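All ligand and atom numbering here is 1-based and tracks the order in the structure. Remember, it's a predicted structure, so these values are computed and weren't measured experimentally. Below, each value reflects all heavy atoms present in this structure, side chains not excepted, and no hydrogens, waters or symmetry copies.
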Amino acid sequence: MTRQPKVPKAVFPVAGLGTRFLPATKSVPKELLPLVDRPLIQYAIDEARAAGIEEFIFVTARGKSALEDYLDHAPQLSATLRLGNKTSLLAELERTWMPTGAVAYARQDEPRGLGHAVWCARHLIGNTAFAVILPDDVIAGPTPCLQQMVEAYAECGGNVVAAMEVAPDMVGSYGILDAETGQGRLGAVKGMIEKPSPENAPSNLAVVGRYILDPAVLDHLSQQSVGAGGEIQLTDAIAAEIGRSSVYGFRFDGRRYDCGSKAGYLRAMVAFALERPDLRDDFEACLASVVQPQVAAQ
Ligand code: G1P
């Protein structure tokens, strides 16, 4: 098999209103909500960097300017930390800095769906393979999910979408794949439907928020076809590419947290806190002191 070119760019759709987290998201972009002390967007950026991404394209909207400040260098803050000899905090801060010129912004001027958000970045993407990372989906695992996908893509090319099985009654919340099985982690996709009813779902194999796409997907998005929920769906544009180029579902190795829902976000917060060596013991005791009396009272 010929080796495919690498994936140089990633698109981060961050224009969503985050209504499920109101009132917090009235002035704080949901992507800046922290898991312990790192905002959701930082996990997405770290994952992209681990996968070799060099250009970071954020699709923003009105009310999201705090994200631009977060992604900027902070010379005053670092000078203050340096003066106070806070070297580990300074290192932590500098670890979040993006290489100069590596970040670009596109604006989604109307909330018309995920496909529309990606299409808004078309001029910045150009004619190269690109990744899409949805920061709501936080994926923890031994190898960052996008890195696993880039490695698979280097062998298979085409389009690769992250996939995992979900409970059958949850298919209406996801893009659902009709995919072949039995080829290890990769399965050729024969069809995909955005948020089907359980009767119309071809399987319970769901797309989660990591994609590696051929730029031809942008041409399909240019049709501006409206799909599920009256929105322009990325799923539909990828589905239109089936038969023209290959589309694969990739069953990644890792745990996915749906940080777009309150329960998923809280679960991620607890899991990430318990994984932190500096917090684990205290937090475990803390958690037990909250949970045990409640269980006893039931
Ligand atoms: C989006 C995609 C959907 C995918 C999901 C993963 O939906 O449209 O295909 O399965 O992300 O999180 P959303 O959650 O934005 O409604």
Side-chain angles (χ1 to χ4, degrees), residues 10-21 25 29-31 33 40-41 43-44 47 58-61 64 108 110-121 131-140 145-146 149 159-179 187 189 191-198 200-213 217 220-221 224-242 247-252 254-265 267-268:
V11 177
F12 301 81
V14 291
L17 293 173
T19 47
R20 279 192 265 184
F21 286 90
T25 45
K30 69 172 171 172
E31 298 78 14
L33 297 178
L40 294 177
I41 196 69
Y43 291 89
E47 189 179 327
F58 295 86
V59 182
T60 66
K64 294 286 186 146
Q108 187 183 23
E110 279 180 279
R112 297 180 65 195
L114 176 60
H116 180 255
V118 171
W119 181 75
C120 288
V132 177
I133 299 189
L134 309 187
D136 276 2
D137 282 333
V138 175
I139 303 177
C145 180
L146 190 65
M149 291 171 68
N159 301 267
V160 181
V161 301
M164 65 178 248
E165 255 120 37
V166 296
D169 61 345
M170 291 301 291
V171 290
S173 301
Y174 295 93
I176 298 294
L177 299 177
D178 178 7
V189 173
M192 54 200 290
I193 310 180
E194 181 68 14
K195 301 192 172 74
S197 60
N200 292 331
S203 74
N204 64 337
L205 189 61
V207 177
V208 300
R210 303 290 183 276
Y211 308 76
I212 295 175
L213 300 176
V217 169
H220 301 304
L221 289 173
Q224 308 271 298
S225 311
V226 169
E231 296 188 333
I232 297 171
Q233 297 292 351
L234 185 58
T235 298
D236 296 342
I238 302 168
E241 193 51 19
I242 298 171
V247 179
Y248 299 95
F250 179 78
R251 291 178 167 80
F252 57 94
R255 267 169 298 114
R256 175 254 185 179
Y257 297 94
D258 174 13
C259 293
S261 77
K262 282 177 203 165
Y265 173 68
R267 192 167 151 254

Q: Give the single entry among Val161, Ile238, Asp137 that approaches atom 12 (O) of ligand 1 most closely by any heavy atom.
A: Asp137

Q. CG of Leu146 to CD1 of Ile139: how many Å apart, nearest 0.5 Å?
A. 9.0 Å

Q: May I ask you to decide if Asp137's main-chain N or O and Arg210's side chain share a donor-acceptor pair within less than 3.5 Å?
A: yes

Just list the side-chain donor-acceptor pairs under 3.5 Å for residues 227-238, sequence neighbours left out, or say none.
from: Gln233; atom 1: NE2; to: Ala228; atom 2: O; distance (Å): 2.8
from: Thr235; atom 1: OG1; to: Glu194; atom 2: OE1; distance (Å): 2.5

**Q.** Residues forming a side-chain hydrogen bond (donor to acceptor under 3.5 Å, both in side chains) with Tyr257, sequence neighbours excluded
**A.** Arg255

Q: Can you sort out which atoms of ligand 1 are near Thr235, meaning under 4.0 Å from one of its heavy atoms?
A: 9 (O)

(Q) Just verifying a value: how many Å separate Thr25 OG1 and Leu33 CG, rounded to the nearest 0.5 Å? (A) 7.0 Å

Q. Just how far is it from atom CZ of Phe252 to atom CE of Met164, taken to the nearest 0.5 Å?
A. 5.5 Å

Q.
Under 3.5 Å between any N/O of Gly209 and any N/O of ligand 1: does that happen in this structure?
A. no

Q. How far is atom 5 (C) of ligand 1 from its nearest protein heavy atom, and which residue and atom name does that atom have?
A. Val207 O, 4.0 Å

Q: Rounded to the nearest 0.5 Å, what's the gap from CZ on Phe12 to CG on Leu40? Could you check?
A: 13.0 Å

Q: For atom 2 (C) of ligand 1, find the nearest protein heavy atom and state the residue, atom name and distance (0.1 Å precision).
A: Glu194 OE2, 3.6 Å

Q. So, is Tyr174 polar-close to ligand 1, with some N/O to N/O distance under 3.5 Å?
A. no

(Q) Could you check whether any heavy atom of Arg256 sits closer than 4.0 Å to an atom of ligand 1, since that is the contact criterion I want to use? (A) yes

Q. Numbering the atoms of ligand 1 from 1, which are under 4.0 Å from a heavy atom of Lys195?
A. 7 (O), 8 (O), 13 (P), 16 (O)

Q. Of all the heavy atoms in Leu134, does at least one lie under 4.0 Å from an atom in ligand 1?
A. yes

Q. Is atom 15 (O) of ligand 1 less than 4.0 angstrom from at least one protein heavy atom?
A. no

